[in-house]
Enquirer: 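Have a look at this one.
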Amino acid sequence: MTKSLKNLSRSSHDNFFERVYEVVRLVPEGRVTTYGAIASFTGSPQASRMVGWAMHASHLYPGHIPAHRVVNRKGILTGKHHFRHPELMQELLESEGVLVENDRVVEFNKLFWDPYKELV
DNA sequence: AATGTGACATACC
DNA sequence: TGGTATGCCACAT
């Protein structure tokens with residue numbers, strides 16, 4: 001993908017992105033959440049693509065954003081190719097105790113961290 | 001200024 | 001069951 005994203009580094013005013021990052025940062029180790037859940041929770045239920053976009057740009061933002069804990073609604077590691085190397089996402093997850101099999105989080109239903117349920 | 005393109009999700013053929 | 005269309009929003013062209 002050809003997007004340099006360099007301009008994002010100046011966007012300290014990006015509410016949407018920041019709210020996304022805020023939620024992602026709250027995901028505990030050993031748990032995972034989804035693009036859709038974050039989109040809903042941040043007020044734009046249909047902006048899940050933007051959450052993916054935010055993850056892609058997350059390395060340009062201050063602080064640590066555990067982008068590897070965000071998967072799609074089936075628990076598939078759709079974003080793995082955007083890490084430094086394709087297996088890093090899985091490695092990070094497994095280092096937290098999240099097992100991954102065929103690019104899918106094992107027991108995704110149990111490990112799913114729903115902001116609505118957890119952040120009341 | 002307008003159009004295309006996504007680490008997605010849903011609704012509807 | 002499976003492809004297509006669309007919403008969302010930022011960025012590239």
Side-chain angles (χ1 to χ4, degrees):
Chain A
M1 183 189 12
T2 57
K3 308 176 194 304
S4 74
L5 302 171
K6 61 183 176 188
N7 292 329
L8 278 177
S9 54
R10 57 124 175 95
S11 49
S12 47
H13 49 78
D14 268 327
N15 293 329
F16 181 78
F17 274 35
E18 302 231 335
R19 298 212 286 149
V20 168
Y21 294 144
E22 194 175 334
V23 176
V24 175
R25 273 194 277 256
L26 295 174
V27 180
E29 281 192 22
R31 303 291 299 281
V32 294
T33 190
T34 70
Y35 302 100
I38 294 171
S40 295
F41 192 76
T42 52
S44 302
Q46 297 175 303
S48 44
R49 316 182 70 184
M50 287 309 101
V51 177
W53 184 255
M55 292 308 96
H56 191 191
S58 63
H59 66 293
L60 299 174
Y61 283 74
H64 173 237
I65 294 144
H68 60 281
R69 296 184 193 139
V70 184
V71 298
N72 80 355
R73 70 162 193 163
K74 297 175 188 165
I76 296 173
L77 279 54
T78 49
K80 60 179 288 190
H81 297 295
H82 298 270
F83 286 78
R84 289 208 309 281
H85 61 89
E87 306 312 319
L88 182 57
M89 185 175 188
Q90 175 167 348
E91 290 170 10
L92 289 170
L93 286 171
E94 297 198 321
S95 73
E96 300 180 354
V98 178
L99 297 182
V100 177
E101 202 170 283
N102 296 323
D103 290 344
R104 187 179 180 282
V105 173
V106 177
E107 294 194 297
F108 167 66
N109 295 325
K110 287 184 185 172
L111 297 179
F112 174 53
W113 185 86
D114 185 349
Y116 281 104
K117 294 177 182 170
E118 315 283 350
L119 293 183
V120 185

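Residue numbering restarts at 1 for every chain, and letters A, B, ... go by the order of the sequence lines. Reckoned from all heavy atoms, side chains included, excluding hydrogens, waters and symmetry mates.
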Enquirer: May I have all residue pairs that pass salt bridge (charged side-chain N to carboxylate O under 4.0 Å, His left out) and include part of residues 33-51 of chain A, sequence neighbours excluded?
Expert: none

Enquirer: Find every protein N or O atom lying less than 3.5 Å from an N or O atom of nucleotides 10-13 of chain B, and list the pairs.
Expert:
| residue | atom | partner | partner atom | Å |
| --- | --- | --- | --- | --- |
| B/dT10 | OP2 | A/Arg73 | NH1 | 2.7 |

Enquirer: What's the closest nucleotide to the A/Trp53 side chain, out of C/dC8, C/dC11, B/dA7?
Expert: C/dC11

Enquirer: Among the nucleotides B/dA9, B/dA7, B/dC8, which one has an atom lying closest to any side-chain atom of A/Phe83?
Expert: B/dA7

Enquirer: Rounded to whole Å, please give me the gap between CG in A/Leu92 and C1' in B/dA7.
Expert: 15 Å

Enquirer: Can you check whether A/Ser44 has a side-chain N or O nearer than 4.0 Å to OP1 or OP2 of C/dC9?
Expert: yes

Enquirer: With sequence neighbours excluded, give me every side chain to side chain donor-acceptor pair (under 3.5 Å) pair touching residues 62-75 of chain A.
Expert: A/His68-A/Glu96, A/Arg69-A/Glu96

Enquirer: I need the OH-P distance between A/Tyr35 and B/dA7, as an integer number of Å.
Expert: 9 Å

Enquirer: Given the rule in the side chain to side chain contact (heavy atoms under 4.5 Å, CB included) test, do A/Val24 and A/Met55 qualify, once you have shown the distances and angles that lead to the verdict?
Expert: CA-CA 9 Å; A/Val24 175; A/Met55 292 308 96; 3.7 Å; yes

Enquirer: Measuring from the side chain of A/Phe17 (C-beta onward, heavy atoms only), which nucleotide among B/dA7, C/dA10, C/dC8 has the closest atom?
Expert: C/dA10

Enquirer: Could you give the distance separating C/dT4 and B/dT5 at their P atoms, to the nearest angstrom?
Expert: 15 Å

Enquirer: Using the P atoms only, state how far C/dT6 lies from B/dT3, rounded to an integer number of Å.
Expert: 15 Å

Enquirer: Please tell me which of A/Arg49 and A/Ala37 maps to the more 5' nucleotide of DNA chain B, matching each residue to the nucleotide holding its nearest heavy atom.
Expert: A/Arg49

Enquirer: Please report the distance, rounded to the nearest Å, between NE2 in A/His56 and C1' in B/dA7.
Expert: 8 Å

Enquirer: Can you tell me how far P in B/dG4 sits from the matching atom in C/dA5, rounded to whole Å?
Expert: 14 Å

Enquirer: For A/Lys110, which residues count as a side chain to side chain donor-acceptor pair (under 3.5 Å) partner, sequence neighbours excluded?
Expert: A/Glu107

Enquirer: Sort out for me which residue in A/Thr33, A/Val51, A/Ile38 forms a side-chain contact (heavy atoms from CB on, under 4.5 Å) with A/Val23.
Expert: A/Ile38

Enquirer: Excluding sequence neighbours, so at least two apart, what forms side chain to side chain donor-acceptor pair (under 3.5 Å) with A/Asp103?
Expert: A/Lys80

Enquirer: When the P atoms of B/dC8 and C/dT1 are considered, how many whole Å apart are they?
Expert: 23 Å

Enquirer: Can you tell me how far P in C/dC8 sits from the matching atom in B/dA1, rounded to whole Å?
Expert: 22 Å

Enquirer: Expressed in angstrom and rounded to an integer, what is the separation of A/Phe16 atom CZ from B/dA7 atom P?
Expert: 16 Å

Enquirer: How long is the line joining CE of A/Met50 and P of B/dA9, in whole Å?
Expert: 13 Å

Enquirer: A/Thr78 has a side chain; which of C/dC11, C/dC8, B/dA7 sits nearest to it?
Expert: B/dA7

Enquirer: How many Å lie between NE2 on A/His82 and P on B/dG6, as a whole number?
Expert: 9 Å

Enquirer: Taking only residues two or more places apart in sequence or in another chain, which ones pass salt bridge (Lys or Arg N to Asp or Glu O under 4.0 Å) with A/Glu118?
Expert: A/Arg31

Enquirer: A/Thr34 vs A/Phe108, test: side chain to side chain contact (heavy atoms under 4.5 Å, CB included). Steps then yes/no.
Expert: CA-CA 10 Å; A/Thr34 70; A/Phe108 167 66; 3.6 Å; yes

Enquirer: Tell me the interatomic distance from A/Arg19, atom CZ, to C/dC9, atom P, rounded to whole angstroms.
Expert: 10 Å

Enquirer: Rounded to whole Å, how long is the line connecting atom NE2 of A/His85 with atom C1' of B/dA7?
Expert: 17 Å

